[in-house]
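Lettering of chains follows the sequences in order, A, B, ..., and the numbering in each one begins at 1. Atom set for the values below is all heavy atoms of this structure, side chains included, hydrogens, waters and symmetry mates excluded. Computed from a prediction, not measured in an experiment: that's the story for all the values here.
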There are 2 protein chains.
Amino acid sequence: MSRSATSQDRRADARQNVEKILDAAITCLSRNADASVSEIAQAAGVGRVTLYGHFPTRDALIEAALVRVISEGEAVLESLDLAGDPRRALRVLIESSWLLIARASAVLVAAQTALPPGRIHQLHAEPAQRVDELIRRGQTEGAFRDDLPATWLTSVLHHLLKGAALDVANGLLEQADAPRLISETVLAAYTRGDT
Amino acid sequence: MSRSATSQDRRADARQNVEKILDAAITCLSRNADASVSEIAQAAGVGRVTLYGHFPTRDALIEAALVRVISEGEAVLESLDLAGDPRRALRVLIESSWLLIARASAVLVAAQTALPPGRIHQLHAEPAQRVDELIRRGQTEGAFRDDLPATWLTSVLHHLLKGAALDVANGLLEQADAPRLISETVLAAYTRGDT
DNA sequence: TACAACTCGAACACTACTGTTCAACTTACT
DNA sequence: AGTAAGTTGAACAGTAGTGTTCGAGTTGTA
């Protein structure tokens with residue numbers, strides 16, 4: 001059986017279309033978490049039937065989009081130098097990945113209602129762990145407060161990134177200002193307050 | 001014309017049903033932002049037709065639920081003593097309203113896609129202003145940092161409240177721990193970091 | 001050039017929701 | 001006890017989405 005063609009032996013236009021569809025899916029889902037398949041196909045400049053030719057169901061498409069956006073994020077995280085001073089590292093992390101994370105979390109919201117909960121956690125585990133490590137290291141080195149659990153500090157970072165992205169989308173915040181505001185806030189939050 | 005019966009002269013069971021429906025709507029919408037009318041009616045222990053007898057459309061129901069949850073929040077905010085030390089006031093605010101705000105923001109998400117954007121802002125303006133005032137006062141009195149805009153500090157509070165509620169829903173955080181974690185984090189975030 | 005791979009629109013069946021109507025019933029109130 | 005007000009399920013029309021099939025057209029590739 002030479003069945004189940006890999007992406008290698010497919011025709012070039014087919015491969016390109018898959019890419020176009022995934023791109024469109026990510027942008028559409030970022031705008032509207034329950035965008036229809038027709039909408040995504042149209043945004044990709046592709047017929048609806050073609051889309052179904054590549055992804056058997058809407059859920060499969062969303063999963064593929066999530067996988068893609070997460071692996072993009074992984075690539076960025078890997079390229080960063082997170083060694084040395086944890087506070088500097090955190091700043092670098094926020095600065096260079098905040099847009100990416102915002103995009104990812106938008107797709108993640110869409111996936112929340114379309115994928116089995118275990119599947120999401122499974123896909124998201126690896127990149128999340130990298131951030132978690134940085135925070136724990138900062139705690140043991142004394143750079144970050146250790147009177148609050150590391151999981152909560154991680155959560156705080158997530159929520160502020162996501163929230164800032166929302167504010168930008170709603171016109172309450174300038175794109176360019178976001179990284180600085182987030183960094184300032186998170187670093188302060190990671191330091192024990194005087195009260 | 002003695003038309004347009006107010007809630008005063010309606011039969012008792014009708015008034016009770018309206019209450020039951022609004023309660024059910026709030027809890028259902030908190031669980032799932034696009035809960036169906038059938039689902040809400042069932043949760044209220046009421047026929048679907050009855051529900052439509054009280055609210056002409058799904059959107060009208062959501063608006064009513066939003067109005068109700070916001071006025072509940074208003075009542076709590078009004079009962080609080082937010083004078084004196086801003087840091088203490090903020091702690092009080094978070095402590096005694098965090099559950100309520102989480103509920104409200106869940107319904108708010110549902111309203112986001114069902115109501116015209118202006119309408120939401122209009123309903124939400126009054127309670128939001130009260131919090132905004134506290135933060136601005138804290139800034140001018142030197143209790144909170146003023147190197148970041150007040151609107152952002154407000155946003156931070158919102159996002160952390162909402163985020164914590166999400167964490168509780170996902171089992172990542174204990175209900176009882178939340179207020180303390182939020183207070184500690186927000187107060188630290190509102191203080192200038194050392195870096 | 002020839003052929004298989006791919007794309008496309010139209011039409012289909014299916015599901016799930018919203019909102020309406022109706023006729024029968026139960027119940028609150030005087 | 002009588003009556004208007006309120007509730008109910010069933011059935012309806014309308015809309016919008018998903019996923020499939022088909023036949024005809026287009027295009028990459030060898």
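Taking side-chain N and O atoms only, B:N17 has no distance below 4.0 Å to OP1 or OP2 of D:dG6. Within the structure, a side-chain polar atom (N or O) of A:H54 is placed less than 4.0 Å from OP1 or OP2 of C:dT7.
Here C:dC17 presents its P atom at 12 Å from CD1 of B:I40, a figure rounded to the nearest Å. A:Q42 places its CD atom 12 Å from the P atom of D:dG17, with the value rounded to the nearest Å. We find that CG of A:L51 is positioned 15 Å from C1' of C:dG9, with the value rounded to whole Å. Distance B:I62 CD1 to C:dC17 C1': 13 Å, rounded to the nearest Å. The distance from atom CG of A:D34 to atom P of D:dA16 is 15 Å, rounded to the nearest whole Å.
The salt bridge (charged side-chain N to carboxylate O under 4.0 Å, His left out) analysis of residues 108-118 of chain B, with sequence neighbours excluded, yields no pairs. Judged as a salt bridge (charged side-chain N to carboxylate O under 4.0 Å, His left out), the pairs with a partner in residues 131-141 of chain B (not counting sequence neighbours) are, in order, B:D132-B:R136, B:R137-B:E141. Among residue pairs with one or both ends in residues 149-162 of chain B, none qualify as salt bridge (charged side-chain N to carboxylate O under 4.0 Å, His left out); sequence neighbours excluded. Pairs engaging residues 38-63 of chain A under the salt bridge (charged side-chain N to carboxylate O under 4.0 Å, His left out) rule: A:E63-A:R119 [sequence neighbours left out].
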At under 4.0 Å between heavy atoms, which parts of nucleotides 18-30 of chain D does protein reach? Answer with one letter per nucleotide, 5' to 3': B base, S sugar-phosphate only, - none.
BBBB-----BSS-

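Comparing the local axis fitted to the first five base pairs of the helix from C:dT1-D:dA30 to C:dT30-D:dA1 with the one fitted to its last five gives a bend of 30°, rounded to 10°.
With sequence neighbours left out, B:A111 forms a side chain to side chain contact (heavy atoms under 4.5 Å, CB included) with B:I62, B:L66, B:L115, B:I120. Considering only residues two or more places apart in sequence or on other chains, A:S183 meets the side chain to side chain donor-acceptor pair (under 3.5 Å) condition with none of them.
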Enumerate, atom names and distances included, each donor-acceptor pair closer than 3.5 Å involving a side-chain atom of residues 23-34 of chain B, sequence neighbours excluded.
residue: B:D23; atom: OD1; partner: B:R68; partner atom: NH2; Å: 3.2
residue: B:T27; atom: OG1; partner: B:D23; partner atom: O; Å: 3.4
residue: B:T27; atom: OG1; partner: B:A24; partner atom: O; Å: 3.0
residue: B:S30; atom: OG; partner: B:I26; partner atom: O; Å: 2.7
residue: B:N32; atom: OD1; partner: B:D34; partner atom: N; Å: 3.2

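Using modelled atom types, one finds no donor on one side chain facing an acceptor on the other under 3.5 Å when comparing B:R145 with A:T185.
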